[in-house]
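Read through the structure below, which is laid out as structure tokens, and then see the notes.
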Amino acid sequence: MLLLYMYFVAAYGERKLINIQIVGRHGDRTPLKSFPNDPYKNVWKQEGGLGVLSENGKTRMLNSGQTLKTYYSKILKKSVTIHNSDVSSSNENRTIESARLFISGMFNIQKPEDIKVNIVDPDALEALKGNCPKFDRVTEAIERIPYFEKKFLVFRKLEENIRSITGNLNDKDETLASLFLFADYIFVVNEFQLPFPQYVTPDVYTKLKEMQQIFLEVSTFTKTQKKLLSGYILHSIKDSFQRSVDDTNSRKEVNLSLYMTHDFVLHALVKAIGIPLKDYPSYGDILIFELSTDIDTNQWYVGVKYKLGYSEMITDLRLCGRQFQCTLSQFLKKVSGKSINLKQFKEMCRGMY
């Protein structure tokens with residue numbers, strides 16, 4: 001997770017923009033795992049290894065920061081300047097580097113490596129990594145639902161075929177982890193525009209894409225899973241909005257926070273606030289929450305926007321039914337029970353909450 005606070009003075013149309021919260025997925029990366037017969041080992045080595053930000057990913061995050069700077073400079077009628085910032089990240093090199101590059105693009109910083117990044121407690125950001133027993137138990141129960149069991153049966157047969165060709169990518173033979181890692185590998189190969197291995201036929205590729213979507217659905221199927229994946233970030237957003245309302249001095253400047261995270265977390269957050277997105281979150285996708293106030297009525301409003309990683313377009317999303325904006329009270333009611341602080345996360349993972 002990346003957390004960035006920036007302050008700048010501005011008016012937003014007839015309403016004054018007070019607080020901007022951005023949640024994004026890191027940039028393009030190399031595969032998480034390789035395998036004995038991997039024909040592209042040298043490619044990953046040249047990029048810096050496995051699971052690291054690729055050159056394309058670095059460019060994407062730099063450009064993304066520049067796009068956001070241009071976007072808000074136009075809306076706010078002036079350049080965005082930073083007076084005070086706090087950058088935080090989970091202990092993932094690709095996330096830390098994405099954070100630095102995004103900030104470099106947004107503020108034209110020449111040496112990204114000089115940007116200080118604070119490493120936060122990783123537990124609340126790694127429910128998918130076996131650090132949260134409650135998440136594992138709930139997910140295993142979802143996998144046993146007949147609909148998903150039938151889907152996974154097809155994938156297990158495919159896994160046996162792939163394993164016999166590539167070798168194992170994961171020690172947990174009783175799970176589909178090996179196939180998921182292989183699917184990740186193939187999608188990265190596709191991003192790098194490299195030829196597929198000959199055993200990856202169009203039919204196999206289609207099945208791998210379907211499996212990726214099923215894994216995403218299984219991992220964000222219940223309220224508990226969504227809360228464990230995204231509740232900590234949602235809690236931070238809600239608290240930041242509330243502080244802006246309570247602190248009259250902070251209204252003189254805009255508070256901007258940026259959280260850089262991973263695909264499952266971003267997807268869970270979008271589902272938690274009730275905005276369905278059909279596609280799997282792509283590298284560099286960004287979700288933006290905005291808090292503004294009507295100076296005449298002193299009413300507070302929350303709006304949500306989305307930016308695809310491969311596009312410069314920023315789109316307004318319907319947050320409350322057909323409305324693009326909610327009042328702050330409507331937003332807080334909408335997310336009630338879906339946010340969670342770090343202490344609650346740990347207690348929930350142990351089955352105490």
Side-chain angles (χ1 to χ4, degrees), residues 1-6 12 17-28 57 60-61 63-72 75 87-90 95 98-99 101-103 105-106 124-125 216 219-220 225-241 244 254-292 301-320 323-326 328 330-332 334-335 338-340:
M1 181 188 75
L2 159 75
L3 174 60
L4 167 68
Y5 292 102
M6 294 172 275
Y12 184 44
L17 185 59
I18 298 296
N19 190 312
I20 304 170
Q21 303 279 307
I22 303 173
V23 184
R25 187 187 179 191
H26 60 76
D28 314 42
R60 189 186 303 278
M61 297 315 300
N63 290 343
S64 185
Q66 292 170 344
T67 297
L68 265 289
K69 178 178 181 178
T70 301
Y71 179 78
Y72 281 111
I75 290 178
V87 184
S88 302
S89 173
S90 60
T95 312
S98 292
L101 288 163
F102 185 94
I103 297 168
M106 196 162 192
L125 306 172
L216 190 67
S219 299
T220 58
Q225 291 166 301
K226 291 193 285 282
K227 181 182 285 190
L228 288 169
L229 284 172
S230 67
Y232 182 66
I233 290 179
L234 193 57
H235 171 80
S236 300
I237 292 172
K238 186 177 70 171
D239 273 11
S240 182
F241 281 175
S244 291
V254 174
N255 178 357
L256 190 152
S257 307
L258 172 70
Y259 308 80
M260 195 65 68
T261 182
H262 303 274
D263 46 4
F264 281 76
V265 175
L266 182 59
H267 183 75
L269 179 59
V270 170
K271 289 185 70 174
I273 61 174
I275 300 178
L277 293 178
K278 296 180 181 179
D279 297 330
Y280 193 95
S282 59
Y283 295 120
D285 277 13
I286 286 176
L287 183 69
I288 306 169
F289 296 79
E290 295 180 341
L291 176 70
S292 59
Y301 296 92
V302 177
V304 178
K305 305 175 187 291
Y306 202 88
K307 177 190 173 298
L308 294 170
Y310 54 80
S311 171
E312 293 186 357
M313 183 179 297
I314 298 175
T315 305
D316 287 289
L317 301 179
R318 298 183 188 277
L319 182 59
C320 289
Q323 302 299 316
F324 287 108
Q325 291 193 331
C326 294
L328 177 59
Q330 288 175 321
F331 174 76
L332 294 177
K334 189 179 184 69
V335 303
K338 298 176 182 179
S339 64
I340 188 169

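Positions are given from 1 along the sequence.
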**Smallest separation among heavy atoms of Tyr283 and Gly27, with atom names** = CD2-O, 3.5 Å
**Distance-only donor-acceptor check, side chains Gln323 and Tyr301, under 3.5 Å** = no
**Item:** Lys238 and Leu332, any side-chain heavy atoms less than 4.5 Å apart
**Value:** yes
**Asked** Less than 4.5 Å apart, any side-chain heavy atom of Lys334 and any of Leu319?
**Response** yes
**For Cys320 against Gln325, the heavy-atom pair lying closest together** = CB-O, 4.4 Å
**Complete:** When rounded to the nearest 0.5 Å, the distance separating CG of Leu228 from CD1 of Ile340 is 6.0 Å
**Request:** Take Tyr259 and Val265 through the test side chain to side chain contact (heavy atoms under 4.5 Å, CB included) and record every step on the way to the result.
**Result:** CA-CA 11 Å; Tyr259 308 80; Val265 175; over 6 Å; no
**Prompt:** Does any non-hydrogen side-chain atom of Leu68 lie less than 4.5 Å from one of Lys307?
**Reply:** yes
**Message:** With heavy-atom distances below 4.5 Å as the criterion, would you say the side chains of Leu229 and Lys271 are in contact?
**Reply:** no
**Asked** Any side-chain donor-acceptor pair under 3.5 Å between Gln225 and Thr220?
**Response** no
**Asked** Going by heavy atoms in the side chains, are Ile314 and Ile286 under 4.5 Å from each other?
**Response** no
**Message:** Please give me the minimum heavy-atom distance between Leu266 and Pro281, naming the atom from each residue.
**Reply:** CD2-CB, 4.1 Å
**Message:** Let me confirm one number: the CE-OG1 distance from Met313 to Thr67, rounded to the nearest 0.5 Å.
**Reply:** 12.0 Å
**Asked** Going from CG on Asn255 to CZ on Phe241, what distance comes out if it is rounded to the nearest 0.5 angstrom?
**Response** 9.0 Å
**Candidates Ile275, Val270, Ile288, Thr315 - the one meeting side-chain contact (heavy atoms from CB on, under 4.5 Å) with Val304** = Ile275
**Item:** Heavy-atom closest contact (Met260 atom, Arg25 atom, distance)
**Value:** SD-O, 3.4 Å
**Asked** Got Ile273 and Leu234 here, is their nearest side-chain heavy-atom distance under 4.5 Å?
**Response** yes
**Complete:** To the nearest 0.5 Å, atom CG of Leu269 lies from atom NZ of Lys338 at 10.5 Å
**Request:** Find out whether His262 and Thr95 are in side-chain contact, i.e. whether some heavy atom of one side chain is under 4.5 Å from a heavy atom of the other.
**Result:** yes
**Request:** Please round to the nearest 0.5 Å and tell me the distance separating atom CD1 of Ile233 and atom OG of Ser257.
**Result:** 11.5 Å
**Request:** To the nearest 0.5 Å, tell me how far Ser240 OG sits from Phe289 CZ.
**Result:** 12.0 Å
**Request:** With the side chain counted from C-beta on, respond yes when Arg60 and Tyr310 share a heavy-atom pair under 4.5 Å apart, and no when they do not.
**Result:** yes
**Asked** Looking only at side chains, do Asp285 and Ser282 share a donor and an acceptor under 3.5 Å apart?
**Response** yes
**Prompt:** What are the two closest non-hydrogen atoms of Met61 and Ser98, and how far apart are they?
**Reply:** CG-OG, 3.7 Å
